[in-house]
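Computed over heavy atoms, backbone and side chain alike; hydrogens, waters and symmetry mates excluded. All residue numbers refer to positions in the sequence shown, counting from 1.
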Amino acid sequence: MSEKEENPGHITSNSDKVQNGPNVNSRAVCNVCNRMFRDPKILPCLHSFCSDCIAQLEPFSRDGAGTQGTGPAGLSTDHLALDEVFLETLVTDGPLPCDLCGEGAAESRCEICAISLCEFCCQAHRRQKRTASHSVQDLQELKSRGRLCRPVLCSLHPGQELRLFCQPCDLPVCLECAATLHRDHRCCPTRDIIDRHGDRIRELVSVHLRPRLERLEESLQKVDESQDVLTSRVEEVAQEVRAFARGYASAVETHCLSLLHRLEELHKQRRNQLHLEKAQLRQALLDVRGGVEFAERLLSCGSDAEILSAKGVTLQRLSSLSESSYDPQSAAAVDDASNICFLPSEPAGHVNGYPVVGIIHGKTADPNKCTVEGEGLQQCSVGQSGHFTLVCRDSGGDQLTRGGEHVVVSIAHKEKRNCTIETSVLDNSDGTYTVSYTPEEIGSYSVWVCVKTQHVKGSPFTLNIKRKLRRHSGTFHCCCFCSSGGSKEARCGCPGSMPGGFKGCGHGHKGHPGKPHWSCCGSTVEKSECLPESILTAVSGRGHLRTVEL
């Protein structure tokens, strides 16, 4: 067998000679050398490059091996890319040369050997005993299909297709490999297990990555819109500044230029922040989109063996993307530039000896610097109104002098679901916000205080709601418990009980020795809500009850 037949994974024909034109399939071209793929390999990021190109990259170029010491040869082959290369060679102008003799025009292609054959070589190929059973197809028929699915052959046993999967080794193998190298392993047909592995890839794409892809696209669109709003808002403020400055002399004109300079600085600062967030979102979008597109193309275009060959690196990359900590929902709120404004009445000092007014306000609340004050943040009683104050501060820790911030306060029970307390937030227009609430149930609550959708310093807080103590309005008895000799059976005229389970005193007992005990009248008040004994009167010397009305 010729060298071309011994290395069927390498497509020669015209693939190395095709010039990259505007109509060349980009999936068939290596982005490093800008040529048709030659032995393409899949990197852990799911990008594919020629094996020779990968060998020139870090860390492969450092010592000739990759992170696992196997070099480019240890990476998975991108069979889908090889399909694209061969399909591209089919649709190019001009006939393909025969891969065996190199002289005649190719008319057929052997799927097993992956070589193009002229009519003479095709007949010889079919006459050979070793290749007589190979599937040979007409090139014109392949062109008309518009899609190519090549068999994946074993690198150790040429001509043997990878039809089995070794589960202990997690590797597709041919029949000969299963009978020799993997004879003690559990090998099963690829068609029997492709659904299980394909479903895992499909789940990562549809359940985790596809929704995240949509959120990233939406967030990127919002950043673009914010940039337009920012530019528009800056221009509006600049027009106000210019209109205000036209009525003044040279001192006011100088002040006008300084205001515009300050505005431009704010513009650059906010624009850089938006550029940074946009770059992060764009990179995350590219990573997720690349993983999704590769996985979807692998599932839709790849054969069972192709999916299983790339399954390991694909699952590793998709899992990494799925578990990525960066999520647009947890990113900082998009800046709408509403806090950039011109305050024409604020004193601005002197310019050339002339007093001027008007400043550019661009301070914004920093949630990490905002503070919460007030006793109502830690405890309150049922039915009573609780209050605490939110103080908004900028990144330097200074209190803002204007209101208008987006403040959200949520109070939820820590143990009971759907048990929340309605809150009211009052903007005091001086950088502070008064929060009011009235609890209806006792327990421990979690208080979320957010500015611009972000928790302020210390949030969430813990709020304890206690039972409201009611003042007794009935008749209080003093008892002669000690005059009964400590008997728990001594009873009072009312059904009340003393702390610890002792009953009240009864009539006719011995005289009180001077130590007053007390209990409530037992009507509607619990023991813990009784008033202290100092308000009670002592019993008479004969041990009879004496009461006092409150």
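Using a 4.5 Å heavy-atom threshold, the side chains of V372 and T389 count as separate. Using a 4.5 Å heavy-atom cutoff, the side chains of K278 and Q227 are in contact. Two residues are said to be in side-chain contact when any heavy atoms from C-beta on lie closer than 4.5 Å; F294 and I42 meet this criterion. Contact annotation: the side chain of L204 approaches that of S319 to within less than 4.5 Å [non-hydrogen atoms, C-beta and beyond]. Side chains of V447 and P460 form no contact here, defined as non-hydrogen atoms less than 4.5 Å apart. Residues L274 and L230 are in side-chain contact: their nearest non-hydrogen atoms beyond the backbone lie under 4.5 Å apart. Side-chain contact between L213 and L285 is present, with heavy atoms from C-beta onward closer than 4.5 Å. Between C50 and R35 there is no side-chain heavy-atom pair separated by less than 4.5 Å.
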List the steps and the verdict of salt bridge (charged side-chain N to carboxylate O under 4.0 Å, His left out) for E236 and R233. CA-CA 5 Å; E236 291 177 3; R233 180 59 178 166; 3.4 Å; yes
I would like to know whether L390 and T432 meet side-chain contact (heavy atoms from CB on, under 4.5 Å); could you show each step before the answer? CA-CA 6 Å; L390 167 66; T432 64; over 6 Å; no
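Qualifying side chain to side chain donor-acceptor pair (under 3.5 Å) partners for E217, counting only residues two or more places apart in sequence or in other chains: R289. In this structure, the side chain to side chain donor-acceptor pair (under 3.5 Å) partners of K416, at least two apart in sequence or on a different chain, are E441. Remark: K414 pairs with T462 by the side chain to side chain donor-acceptor pair (under 3.5 Å) rule, at least two apart or across chains. Shown here are the side chain to side chain donor-acceptor pair (under 3.5 Å) partners of Q379, two or more places apart in sequence or in another chain: there are none.
For residues 387-424, the set of pairs meeting the ring-ring contact (aromatic ring centres under 6.0 Å, His included) definition, not counting sequence neighbours, comprises H413-Y445. A salt bridge (Lys or Arg N to Asp or Glu O under 4.0 Å) check over residues 364-392, counting only residues at least two apart or in different chains, returns nothing.
With respect to the salt-bridge test (charged N to carboxylate O, under 4.0 angstrom), the residues E225 and K222 do not qualify.
At distances below 3.5 Å, at least one donor-acceptor pair connects side-chain atoms of S303 with backbone N or O atoms of E306. In this structure a side-chain-to-backbone donor-acceptor pair under 3.5 Å is missing from S322 to L318. At least one donor-acceptor pair under 3.5 Å links the side chain of R212 to the backbone N or O of L321. Using modelled atom types, no side-chain atom of E296 and backbone atom of V205 make a donor-acceptor pair closer than 3.5 Å.
V451 approaches C392 most closely through the heavy-atom pair CG2-SG, 4.3 Å. Pairing each heavy atom of L463 with each of C380, the nearest pair is CD1-N, 4.3 Å.
Annotation: the span from S446 atom OG to E415 atom CD amounts to 12.0 Å, rounded to 0.5 Å. Here CG of L263 is found 11.5 Å from NZ of K268. Values are rounded to the nearest 0.5 Å. Between atom OG of residue S459 and atom CG of residue N368 there is a gap of 11.0 Å, rounded to the nearest 0.5 Å. L266 CG to R271 CZ: the interatomic distance, rounded to the nearest 0.5 Å, is 12.0 Å. Atom OG of S51 and atom CG of L75 lie 8.0 Å apart (nearest 0.5 Å). In this structure, CD on Q316 lies 9.0 Å from CG on L46, to the nearest 0.5 angstrom.
A donor-acceptor contact under 3.5 angstrom links the side chains of N428 and T434, judged on distance only. Side-chain contact, D287 with Q283: a donor N or O sits under 3.5 Å from an acceptor N or O. Donor-acceptor pairing under 3.5 Å is lacking for the side chains of S48 and K41.
Heavy atoms of other residues, nucleotides or ligands lying less than 6.0 angstrom from NE2 of H261 number 12 at most. Atom CZ of R282 has 12 or fewer neighbouring heavy atoms from other residues, nucleotides or ligands inside a 6.0 Å radius. Applying the 6.0 Å contact sphere to NE2 of H455 captures more than 12 heavy atoms from other residues, nucleotides or ligands. No more than 12 heavy atoms of other residues, nucleotides or ligands sit less than 6.0 Å from atom CZ of R417.
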